[in-house]
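In listed order, ligands and their atoms are each counted from 1. Count residues from 1 along the sequence. Below, each value reflects all heavy atoms present in this structure, side chains not excepted, and no hydrogens, waters or symmetry copies.
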Amino acid sequence: MSYVSEVMERVVAKNPGEPEFHQAVKEVLDSLALVIDAHEEEYRSIGLLERLTEPERIISFRVPWVDDQGKVQVNRGYRVQFNSAIGPYKGGLRFHPTVNQSILKFLGFEQVFKNSLTGLPIGGGKGGADFDPKGKSDREVMAFCQSFMTELCKYIGADQDVPAGDIGVGGREIGYLYGQYKRITGLYEGVLTGKGLTYGGSLVRTQATGYGLVYITEEMLRHAGESLAGKTVVISGSGNVAIYAAEKAGQLGAKVVALSDSNGYIYDADGIRLDVVKEIKEVRRGRIREYAEKVPGSVYTEGKGIWTIPCDVALPCATQNELHLEDAKALVDNGCICVAEGANMPTTREATDYLLEKKLLFMPGKAANAGGVATSALEMSQNSQRLSWTFEEVDERLKRIMIDIYAKAADAAARYGVKDNFVAGANIAGFEKVADAMKAQGIV
Ligand code: NDP
């Protein structure tokens with residue numbers, strides 16, 4: 001049996017009931033088979049894949065807090081510190097009722113390769129809790145964040161592990177988490193990224209994932225003799241990534257005609273008005289259906305189905321496994337030429353294989369959404385230097401990083417004979433640096 005198959009079997013046996021983690025490991029190992037087969041003896045002798053697929057540490061803890069009715073609530077918090085071969089653990093915190101160990105391990109595993117691809121010195125981690133901030137008062141969110149950080153602060157630090165936001169964790173939550181960290185440890189240090197601009201945050205961090213997604217999409221289109229100008233774009237989600245992807249796509253001359261949330265999607269043939277979306281989502285934390293009530297001519301549809309809207313470019317920016325095989329078929333039938341993942345693993349394996357088979361330009365999340373973590377690393381650099389760079393300076397660095405990620409993924413794919421397969425290319429390029437560092441550091 002090949003080394004890859006052996007390790008995959010072991011991962012499934014040792015991590016029962018963790019389908020998302022199995023899915024992420026399988027996708028990565030399958031596309032690394034070319035590299036691993038070429039170095040099989042060497043990698044086996046140092047147990048490289050066994051170590052790569054086992055998190056360095058998983059911390060799981062009780063998060064008790066009191067709700068507005070005076071009732072005690074208990075959630076479960078986690079931090080998965082996956083791999084620190086190339087730098088301190090770095091990766092977001094997700095607050096969502098679906099959070100469990102499998103999802104955080106899948107996200108932490110993906111993060112290792114993504115962070116490596118950015119070219120910056122950051123290892124991979126992920127964390128969060130099965131807490132749902134939706135419908136909670138500000139005081140409840142603060143009480144939860146303070147309790148969560150009271151435990152988490154024992155395991156993180158500016159040179160050790162630097163969490164950021166993810167689903168359900170935005171500027172408000174990062175503020176409460178940072179305040180509690182500082183209060184307990186007495187340290188004013190860059191322990192979290194995504195901070196507010198008045199206390200160590202970086203310009204462009206809010207926009208970074210969405211902008212970065214569009215920069216790499218434009219670069220991929222450019223190499224195919226195309227560009228975003230004049231293209232029709234469909235984006236799922238209406239959170240941080242979706243909103244800023246829509247903003248940058250619009251700035252580059254594309255027309256974004258649809259956005260969604262977990263209840264349904266809106267279609268606006270004239271192009272979505274982002275000022276209205278921002279007011280609904282960023283100011284009032286409302287639902288996307290309200291857009292159709294405010295903008296005449298737009299339509300709201302309850303439920304799934306956003307991928308049936310004809311478009312040239314599709315940017316899934318909501319959550320994992322949201323674009324299935326039938327969605328991929330609808331996109332292809334409607335003439336879509338490009339799919340780039342703003343969310344983590346939004347496209348199922350079958351859908352990804354179908355899109356690659358149909359020769360669409362396809363950029364996987366670990367390359368396409370790496371602009372967020374890359375800008376977080378730029379925030380860490382500014383915090384260490386006790387300096388703040390201008391918007392233009394950070395944006396320019398972000399753009400260069402995204403173009404460089406495209407080049408790395410394209411180059412690795414070409415080197416291993418799978419030209420334009422950016423799924424394989426991104427995995428291979430991310431893997432090479434981590435594997436090299438793990439080899440150099442011995443069996444740890
Ligand atoms: P937000 O919480 O800001 O937004 C998430 C959006 O996705 C919301 O519109 C939400 O709708 C929708 N959504 C969530 N779960 C589901 C679901 N099960 N079905 C349909 N829609 C859903 O998160 P972000 O924009 O920050 O993150 C989106 C994705 O991007 C995630 O996969 C995240 O891991 C990834 N990502 C984020 C980065 C960042 O910097 N923020 C960096 C890299 C990746 P609703 O409001 O109804 O829940």
Which residue and non-hydrogen atom of the protein lie closest to [atom], and at what distance in Å?
{"atom": "atom 48 (O) of ligand 1", "value": "Lys134 NZ, 3.0 Å"}
{"atom": "atom 13 (N) of ligand 1", "value": "Ala318 CB, 4.0 Å"}
{"atom": "atom 39 (C) of ligand 1", "value": "Thr209 OG1, 3.3 Å"}

Taking salt bridge (charged side-chain N to carboxylate O under 4.0 Å, His left out) as the test, write out the residues that go with Asp327, two or more places apart.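 Testing Asp327 for salt bridge (charged side-chain N to carboxylate O under 4.0 Å, His left out), a comparison that skips the adjacent residues, returns none.
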
Backbone or side chain, does any N or O of [X] fall under 3.5 Å from an N or O of ligand 1?
{"X": "Asn240", "answer": "yes"}
{"X": "Gly165", "answer": "no"}
{"X": "Gln320", "answer": "no"}
{"X": "Arg94", "answer": "yes"}
{"X": "Lys126", "answer": "no"}

Tell me, please: is [X] in heavy-atom contact with ligand 1, that is, under 4.0 Å?
{"X": "Ala242", "answer": "no"}
{"X": "Met345", "answer": "no"}
{"X": "Arg287", "answer": "yes"}

